[in-house]
There are 2 protein chains.
Amino acid sequence: MKSHPLRRQIEEIVKLSDDEFVFVLEHFRPKTFKKHQIVLHEGDYAHFDYFVVEGLMRVSRLDLDGKDHILQFGMENWWITDAEAFHRKSKSTLIVDCLEDTKALALSLENKEKLSRELFKMQSFFLKKTTNGYIALQKRILCFLSSNAHERYHNLTTLYPGLIQRVPKSMIASYLGVTRETLSRLSKADT
Amino acid sequence: MKSHPLRRQIEEIVKLSDDEFVFVLEHFRPKTFKKHQIVLHEGDYAHFDYFVVEGLMRVSRLDLDGKDHILQFGMENWWITDAEAFHRKSKSTLIVDCLEDTKALALSLENKEKLSRELFKMQSFFLKKTTNGYIALQKRILCFLSSNAHERYHNLTTLYPGLIQRVPKSMIASYLGVTRETLSRLSKADT
DNA sequence: CCTAGCGTGTGATAAAGGTCACAGCGGATC
DNA sequence: GATCCGCTGTGACCTTTATCACACGCTAGG
């Protein structure tokens, strides 16, 4: 039980007793999804933030021309949801779906707030995770500001080498903000 | 005192008594800076997160070609620092400087953590602010993924109309990730 | 075994944006 | 009042990336 992936992630930031972890876990609901299954439809309320135990999820937006733009991937130990819809209780403008069969732990906003209130450490944990996420997004923005497509691709391969193996290159392209054709030409030059 | 800008911002999220606000304020150090003054040099430690009371600050990165890329502006009631260097106690890779004479309240990491510990509400406040910042950055990334320079400019003018009046267009261009020449041509077509 | 569909590569061409060079304007300084 | 400098606009040209079209290999399902 010490080795539960959620517990390991929390304990990188705050220490928990066995009892406390049991209490924490009671606030999550286990869910399983099939490959291609849509977890959150555009226009629906985002009832849960998902902690990915196994598998691979994706958050994307479909634009007016029918093209989709991938905002985030979620591999094992990542948290994934439409953050705005989840936290503001508004309708989702994004789509969450699964690129592989996926097991996840679903946390509702009510339970997140309850956990934060009743176990101070958990609010510290959420703050730290959110801060780290904020820093990561700042880096991604700086990458858009100062790097061309080739450099962004190279940056991604060194940052998440495992991801490149697991998702189609067309999706990597979508995440990087280039077309699949351009990415194909870039990665050829890269070897 | 009810109308202190910091208090107003906090009370949008959690309520404070007069005593509590005095306690909060004791953790901040007032600072004044002149236009063009550098508040945080590249390579220095980011000792403070700044709450801007009056004036206008900027966070940017200087790249290897000598071009600078503006990550964020900070007007009145915004928080501004090199988030990574501040939270990880590492050396800054970014520069914080002032575009106008500026009055700010400086909060050290130690005081931020002390406040979070001793006044639970303040940790809730920081979590909420960080979450909102995270959501805003996600939107900016989606804008990079799905919009061209013209749309990004238009988006910025509607999001922060006041900003356009206060900063040179060359800096707006830098924030948007285009050259000042391109922005100049775009904004002409926009009228 | 056949075939439909997905993922990928590649060529030709177009569009968006960058680079370089120069000019003008207006405020600040002495 | 002369001068300097930051800011902006604009023309000519070049680079990067998008678009469109087509081909090929692989694999899942009938």
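A note on names: the letters A, B, ... follow the listed sequences, proteins ahead of strands, and every chain is numbered from 1. This is a predicted model, so every value here is computed, not measured.
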*Asks:* For A:F28 and A:W79, take the angle between the two ring planes, folded into 0 to 90°, and tell me which bin it lands in: parallel under 30, tilted 30 to 60, perpendicular over 60.
*Replies:* tilted
*Asks:* What does the B/S/- profile of nucleotides 12-22 of chain C look like, 5' to 3', with a 4.0 Å heavy-atom cutoff to protein?
*Replies:* B----SBBBB-
*Asks:* Nearest whole Å is fine: how far is C:dT8 P from A:Q165 CD?
*Replies:* 12 Å
*Asks:* Starting at NZ of A:K169 and ending at P of C:dT8, how long is that distance when rounded to a whole Å?
*Replies:* 7 Å
*Asks:* Look at the side-chain N and O atoms of A:K188 and state whether any lies under 4.0 Å from the OP1 or OP2 oxygen of C:dT10.
*Replies:* yes
*Asks:* Calculate the interatomic distance between B:K35 atom NZ and D:dC5 atom C1'; express it in whole Å.
*Replies:* 13 Å
*Asks:* NE2 of A:H36 versus C1' of C:dG7: gap in Å, rounded?
*Replies:* 12 Å
*Asks:* Kindly confirm or rule out a cation-pi arrangement of B:K103 over B:F33, judged by NZ or CZ under 6.0 Å from the six-membered ring centre and within 45° of its axis?
*Replies:* no
*Asks:* Nearest whole angstrom, please: distance from the P of D:dT17 to the CG of A:L176.
*Replies:* 11 Å
*Asks:* Take atom CD1 of B:I172 and atom C1' of D:dT8, then tell me their distance rounded to the nearest Å.
*Replies:* 14 Å
*Asks:* Nearest-Å distance, CG (A:D68) to P (C:dG7)?
*Replies:* 11 Å
*Asks:* If you take the centroid of each ring, where Trp contributes its six-membered ring, are B:Y160 and B:W78 closer together than 6.0 Å?
*Replies:* yes
*Asks:* Is it the case that one hydrophobic cluster holds both B:I70 and B:I80, taking links as side-chain heavy atoms less than 4.5 Å apart, direct or via other members?
*Replies:* no
*Asks:* Is the shortest heavy-atom distance from the side chain of A:V167 to the side chain of A:L56 under 4.5 Å?
*Replies:* yes
*Asks:* Would you call the rings of B:H47 and B:Y45 parallel, tilted or perpendicular if under 30° counts as parallel and over 60° as perpendicular?
*Replies:* tilted
